[in-house]
2 protein chains.
Amino acid sequence: MDDLSASRGPATLKDVAKLAGVSIATVSKALNGREHVRAETRDRVRRAAEELRFSPNQLAQGLLAGRTGTVGLLTSDLEGRFSIPVMMGAEDAFGADSTSVFLCDARGDAIREQHHLRALLSRRVDGVIILGDTTNPRNSLGHDIPVPVVYAYAPSNDDSDISVISDNVDAGRLAVEHLLDCGRSRIAYISGDATYAAATDRVAGAKAALQKHGLELVGGEALYGAWTEGWGRAAVRTLLTRFPEIDGVLCGSDQIARGVLDSLREVGKDVPRDISVMGHDNWEQIASQSRPALSTIDMRLQEVGRVAARLLFAAIGGDAQPGVHKITCRVVTRDSTAVSD
Amino acid sequence: MDDLSASRGPATLKDVAKLAGVSIATVSKALNGREHVRAETRDRVRRAAEELRFSPNQLAQGLLAGRTGTVGLLTSDLEGRFSIPVMMGAEDAFGADSTSVFLCDARGDAIREQHHLRALLSRRVDGVIILGDTTNPRNSLGHDIPVPVVYAYAPSNDDSDISVISDNVDAGRLAVEHLLDCGRSRIAYISGDATYAAATDRVAGAKAALQKHGLELVGGEALYGAWTEGWGRAAVRTLLTRFPEIDGVLCGSDQIARGVLDSLREVGKDVPRDISVMGHDNWEQIASQSRPALSTIDMRLQEVGRVAARLLFAAIGGDAQPGVHKITCRVVTRDSTAVSD
DNA sequence: CTGAAAGCGCTTACAG
DNA sequence: CTGAAAGCGCTTACAG
């Protein structure tokens, strides 16, 4: 209709200024709530902005401010069950600060990671979260990156970096305490792959907690194997043969625990009457569908993500808090450790 | 040391120009491979850029070009097993075009979706992918969005939009054909929640395929229930009582199938000798750990994501291809339908 | 072959 | 209270 419709793309300050009959400086001030703008003018500008569906170009704002309100989330494993909840927590926390998140998947490839990092930096992100695919410590990206970096799930091997992890050692303690609370004392441990810190950390915490109560693992050591139901099924049969007295089985993961539950049912052991079983990870789909439903330890991964986002924010604001920040895990009680009295 | 080190933040064209002793225009041309730059000059500029680790500010480039090389990925369900692979595929395809992806999670909330959409538009994304959490058609965002939109996994209910989905009707056919190939003909169907298009589509495809072979489902209709192992366990027991002749069970999901397998083992039926069982979804963790390992239909979700990204790219380039684009599913053979001869 | 100038859309002192 | 001007970092005609 009028010549305004000729302008290409989204409305700009200039468009609003023309419609409101003022300068672009005045539009900017009015829309940003700056002082020294007459109320009547402000209203006129606002109406014009609304009519044109004006939405400020954040690229231009970012260019000027030196801050873009964006961060990079560099995951090594988009597929992973563990990285997703961390991502959710981070996305959640950033959203609350109206920061937008660039998602990049490095697929565990260092070259790809460097490539993505470069891309993020040229987009002038205000900071970066590096999301690991295991809890094993990973190489630091170093300190010549021009923006703050926070490592989540997998800590950096450099203590002057900022890292956030679930406290897996303490998780082992929590599991033991829970079984003790259920009146169990002859506890065996069927763990996963020993090359994973998540496996050894949990075992270490469990053993320390038992020791504090004057106890030790049945058999003296944890059994390490694969993170699979099959390993759980096989391992518990062996255990029962050698130590028929066990009344509690701690498992390195919910999958292993599920295998354990299946074997126990098949050999006629009643869970939780005869034996209590606990897993780790609180993998809802596995834990809730087990027979009986599985008690487990939740790593509170969303909280890991949230805290990572907050620490990144603080660092961007100049308040870097180096070191490894540990999130306390949580016992989730289901039927496999139910106490009947 | 020298006064260059005084410049704040990442190096700019100006910094490189000063170091190379040329104008910023020349730096720009040299670095972008434009003509009319002496080879010697170009080299000098390149060395200077490298020394300063110059990386062009993409905000500035985007402001000028009117294209930012960014897209929004608006998911309704970051937690979901199904949205993640689609996301991966999209991230993958975009990465290949060095486009960065803004990730937003609307959590199935229309208000939050609008909020995120506005944020994305003010960041001047070149396009948006809307990722559903179920395969049920969803409301279109309409056509007054200034950039192209592609709907993935859940199609838009507006045919003039661009949608990409897995062909679930055809998936039902694939499953039936596979069971027929295994010599089965007395096939029952244990489906999931009937309010899900994924449930009814697969059943519809299966029934049509049987009909084409002059067959029908045992009992005439599929059994609908929950997407759980428990439902699978219960349903197959009922089925066996009423129709002991069944030699094949099609399941609405791998979880249901897993329950079916467990019940069959418990009642002494041999899978696949007595009865073949198939699932849907190819949920690796469930299918590979079942006893026996589960044959299933893969929805090729990464391909859905990849195609969505490509269609978005095409639309951004002016070549919009409206309509529902269907990705053909794929049979994954494991032991539960193994043919022994 | 090289550089000064204009401009992308915005904000912020600084005059008026 | 309002607006002209400078500038964020870049690219692209246009002169020289």
Side-chain angles (χ1 to χ4, degrees), chain A residues 4 6-46 48-49 52-70 121-126 146, chain B residues 4 6-46 48-49 52-70 121-126 146:
Chain A
L4 283 174
S7 68
R8 312 224 147 277
T12 68
L13 274 194
K14 205 200 277 185
D15 300 326
V16 179
K18 189 184 282 184
L19 183 58
V22 294
S23 73
I24 62 163
T26 299
V27 174
S28 174
K29 280 176 253 180
L31 258 27
N32 289 314
R34 294 277 174 288
E35 300 177 324
H36 309 302
V37 180
R38 204 156 31 125
E40 194 269 332
T41 309
R42 186 190 316 279
D43 289 348
R44 192 146 38 91
V45 169
R46 281 201 182 133
L52 297 175
R53 293 162 168 251
F54 172 75
S55 142
N57 184 328
Q58 297 218 29
L59 296 187
Q61 292 184 321
L63 193 57
L64 224 39
R67 276 218 193 156
T68 57
T70 64
L121 292 177
S122 72
R123 296 210 184 275
R124 297 296 185 268
V125 292
D126 298 330
Chain B
L4 282 175
S7 68
R8 313 225 146 276
T12 67
L13 273 194
K14 205 199 278 184
D15 300 325
V16 180
K18 189 184 282 183
L19 183 59
V22 295
S23 74
I24 61 164
T26 301
V27 174
S28 173
K29 280 176 252 178
L31 259 27
N32 289 313
R34 293 278 174 287
E35 298 176 326
H36 309 305
V37 179
R38 206 161 24 128
E40 195 268 334
T41 308
R42 186 191 315 280
D43 288 348
R44 192 149 37 91
V45 168
R46 281 200 183 137
L52 297 176
R53 292 160 168 256
F54 172 75
S55 141
N57 184 327
Q58 298 218 28
L59 296 186
Q61 292 184 321
L63 193 56
L64 223 40
R67 273 215 195 161
T68 56
T70 63
L121 293 177
S122 72
R123 296 210 183 275
R124 298 298 186 264
V125 293
D126 299 329

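Keep in mind it's a predicted model, so treat the numbers as computed, not measured. We name chains A, B, ... by the order of the sequence lines, and we start the count at 1 in each one.
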Report the C-alpha separation of A:Val27 and A:Val22 in whole Å, then their side-chain angles, then the decisive distance to 0.1 Å, and conclude whether the side-chain contact (heavy atoms from CB on, under 4.5 Å) test is met. CA-CA 7 Å; A:Val27 174; A:Val22 294; 3.6 Å; yes
Phosphate oxygens OP1/OP2 of [N]: is one of them under 4.0 Å from a side-chain N or O of [X]?
X       : N      : result
B:Ser28 : D:dT11 : yes
B:Arg34 : D:dT11 : no
A:Gln61 : C:dT11 : yes
B:Thr41 : C:dT2  : yes

Output, in order, the C-alpha distance, side-chain angles, deciding distance and verdict of side-chain contact (heavy atoms from CB on, under 4.5 Å) for A:Ser122 and B:Asn57. CA-CA 5 Å; A:Ser122 72; B:Asn57 184 327; over 6 Å; no
Of all the nucleotides listed ([options]), which has the minimum atom distance to the side chain of [X]?
X       : options               : result
B:Lys29 : D:dC1, D:dA13, D:dG9  : D:dA13
B:Ser23 : D:dT11, C:dG3, D:dC8  : C:dG3
B:Pro56 : C:dC10, D:dC10, C:dA4 : D:dC10
B:Ile24 : C:dT2, D:dC10, C:dC10 : D:dC10
B:Ala60 : C:dC1, D:dC10, D:dT2  : D:dC10
B:Phe54 : D:dC10, C:dG3, D:dT2  : D:dC10

B:Arg124 vs B:Arg42, nearer the 5' end of DNA chain C by closest nucleotide: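 The residue whose closest nucleotide sits nearer the 5' end is B:Arg42.
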For A:Ala25 and B:Val22, take the nucleotide of DNA chain C holding the closest heavy atom to each; which residue's nucleotide lies nearer the 5' end?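 Checking each residue's closest nucleotide, the 5'-ward one belongs to B:Val22.
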For C:dA15, give the paired nucleotide (Watson-Crick: N1-N3 plus N6-O4 or O6-N4; G-U: N1-O2 and O6-N3; both under 3.5 Å), or none.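 By the stated definition (distances under 3.5 Å), D:dT2 pairs with C:dA15.
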Let me know the distance between [atom1] of [X] and [atom2] of [N], rounded to the nearest Å.
X       : N      : atom1 : atom2 : answer
B:Leu13 : D:dT12 : CG    : C1'   : 13 Å
A:Leu64 : C:dT11 : CG    : C1'   : 5 Å
B:Leu59 : D:dT11 : CG    : C1'   : 15 Å
B:Arg67 : D:dC10 : CZ    : C1'   : 18 Å
A:Leu31 : C:dG9  : CG    : P     : 16 Å
A:Asp15 : C:dC8  : CG    : P     : 11 Å
A:Leu63 : C:dC10 : CG    : P     : 12 Å
A:Asn32 : C:dG9  : CG    : C1'   : 13 Å

Using every non-hydrogen atom in the two residues, find where B:Pro56 and B:Gln61 come nearest and quote the distance to one decimal.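 Reported closest heavy-atom pair: CB-NE2, 3.6 Å.
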Minimum heavy-atom distance B:Gln58-A:Arg123, with the two atoms named: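 Result for this residue pair: OE1-NH1, 3.0 Å.
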Would the distance check show the side chain of B:Asp126 and the main-chain N or O of B:Thr68 forming a donor-acceptor pair, the cut-off being under 3.5 Å?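 Side chain of B:Asp126 to backbone of B:Thr68: a pair is present.
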What's the verdict on side-chain contact (heavy atoms from CB on, under 4.5 Å) for A:Arg38 and A:Arg42, showing C-alpha distance, side-chain angles and the deciding distance? CA-CA 6 Å; A:Arg38 204 156 31 125; A:Arg42 186 190 316 279; over 6 Å; no
Determine the Euclidean distance between corresponding P atoms of C:dT2 and D:dG9; express it in Å to zero decimal places.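 Here D:dG9 and C:dT2 have their P atoms 25 Å from each other.
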